[in-house]
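Here is the structure we will look at.
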Amino acid sequence: MKIAILGMGTVGKGAYETAKTAGGIEVVRILARHEVEGYEHLNEIITSDIADIAGDKDIDLVIESIGGIHPAREYALECIKAGKHFVTPNKNLISACYDELKAAADESGAEIRFTATAGGGIPWLYNLRRTKRCDEIQEVRGIVNGTCNFILDSMCDKGSEFEDVLVLAQAMGYAEADPSADIEGTDTLRKTVISANLAFDADVKEEDVPCYGIDTISSRDIDYLKSMERAPRLMMNAAVNGNKLCVYVEPVAFPMTAMEASVKFNFNLITLNARDIGTQSFYGQGAGMMPTGQSVIQDVLDIRDGVNHTPASGEGVEKRKLKLDNKSAVHRYYLRCSEIGSEIEKIIETSEKKGDVYYCSTKPVSVIKMHEIAHKAKSDGKEMFIAALAE
Ligand code: HSE
């Protein structure tokens with residue numbers, strides 16, 4: 001099979017290296033703006049013009065690893081419309097533009113695969129897709145951002161300060177180019193949208209998902225949560241509740257005995273619950289050149305070999321018609337703040353003042369309400385951190 005790679009960043013290089021050893025795949029074109037350092041021997045096949053790839057009838061499949069939406073979306077559409085199969089690790093693109101790409105692919109007869117968009121090197125979406133062929137998914141949840149896990153684990157384990165460990169995560173190459181996507185939860189949000197839409201044949205949009213990250217956490221939260229025998233982790237959550245679907249991203253304070261609390265460094269842990277098989281968890285490297293590159297090439301091999309797990313929107317799949325409703329997601333929270341206004345007063349169950357800081361537990365409160373209060377505090381420049389209290 002002859003393939004092209006758009007973008008020779010970390011994942012593009014990982015895909016190229018894996019393709020060399022996988023056998024039966026030949027990288028015949030690479031889209032890059034400049035010569036790629038360390039890959040000067042590929043200069044002959046490098047082009048900066050997408051038409052050289054979209055217009056080349058010999059190319060069967062295109063890997064897009066440019067990242068972001070533009071020009072990735074335009075290049076993807078050009079290649080898909082030309083009938084080329086399409087594989088990408090680009091979560092921004094799939095979260096925002098999947099329907100458009102899929103419609104183009106249905107018309108041209110191309111296949112689209114995106115296993116590496118959530119869970120990086122973990123075959124999470126592959127197994128989710130496979131499980132739902134003969135089961136009904138009821139919940140998907142997990143730690144899907146390695147940068148945040150690395151930060152939280154280092155703060156808990158080594159007593160590191162947030163800012164110091166974020167710099168370290170950037171230096172180690174885990175963080176996004178703009179790390180606010182990691183710490184504000186946007187990266188987790190995109191992986192949640194992709195996972196939820198696949199799991200539930202839903203049509204969840206990024207803007208409909210409440211999201212609160214870990215950018216307001218401090219070592220005081222870690223210390224207080226430790227005194228409660230808990231550790232925080234940033235979680236994707238998507239679950240069926242009757243005919244409703246709750247989908248949101250937020251920090252969760254887990255009992256130290258929970259599996260999530262023992263996830264170290266930048267590892268991911270993703271879990272599904274299904275009607276017949278019950279709980280299954282997937283653990284491993286959610287990022288990095290070779291894990292993610294290999295996941296991309298596994299998708300390429302599946303397309304080449306005709307392995308098809310009936311896509312979420314494929315024929316024969318009965319739509320569950322679940323309605324997104326985060327008001328029905330209700331639980332208790334840990335909350336740290338510097339002042340207790342009337343909105344907070346209404347929801348707190350217990351509070352303890354230490355110095356000028358209040359440490360509170362809330363009554364059961366809806367995700368929507370809690371996020372609204374926490375985002376308002378952030379935009380008003382007030383101190384606050386929240387974490388759901390896992391049962
Ligand atoms: N910044 C992401 C993470 C990279 O830390 O998980 C993989 O998607």
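Just follow the structure's listing: the first ligand is 1, and inside any ligand the first atom is 1.
- Leu225 and Val357 end up in the same hydrophobic cluster when Ile, Leu, Val, Met, Phe, Trp and Tyr side chains are linked at under 4.5 Å.
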Need the list: ligand 1 N/O atoms against protein N/O atoms, distance under 3.5 Å, rounded to one decimal.
residue: ligand 1; atom: 1 (N); partner: Tyr174; partner atom: O; Å: 2.9
residue: ligand 1; atom: 1 (N); partner: Glu176; partner atom: OE2; Å: 2.6
residue: ligand 1; atom: 1 (N); partner: Asp182; partner atom: OD1; Å: 2.8
residue: ligand 1; atom: 5 (O); partner: Gly146; partner atom: N; Å: 3.4
residue: ligand 1; atom: 5 (O); partner: Thr147; partner atom: N; Å: 2.9
residue: ligand 1; atom: 5 (O); partner: Thr147; partner atom: OG1; Å: 2.7
residue: ligand 1; atom: 5 (O); partner: Tyr174; partner atom: O; Å: 3.1
residue: ligand 1; atom: 6 (O); partner: Gly146; partner atom: N; Å: 2.8
residue: ligand 1; atom: 6 (O); partner: Lys191; partner atom: NZ; Å: 3.4
residue: ligand 1; atom: 8 (O); partner: Lys91; partner atom: NZ; Å: 2.6
residue: ligand 1; atom: 8 (O); partner: Lys191; partner atom: NZ; Å: 2.8

Sequence neighbours left out, cut at 3.5 Å: what donor-acceptor pairs do the side chains of residues 202-210 make with other protein atoms?
residue: Asp203; atom: OD1; partner: Lys205; partner atom: NZ; Å: 2.8
residue: Glu206; atom: OE2; partner: Ser95; partner atom: OG; Å: 2.6

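- Put simply, the side chain of Arg130 reaches to within 4.5 Å of the side chain of Asn127, judged on heavy atoms.
- Ser180 meets the side-chain hydrogen bond (donor to acceptor under 3.5 Å, both in side chains) test with Asp178; sequence neighbours excluded.
- Every pair passing side chain to side chain donor-acceptor pair (under 3.5 Å) that includes a residue from residues 271-281 is listed here, sequence neighbours excluded: Glu139-Asn273, Thr271-Ser281, Asn273-Thr279.
- Taking 4.5 Å as the limit, every side-chain heavy atom of Met8 sits out of range of all side-chain heavy atoms of Ile46.
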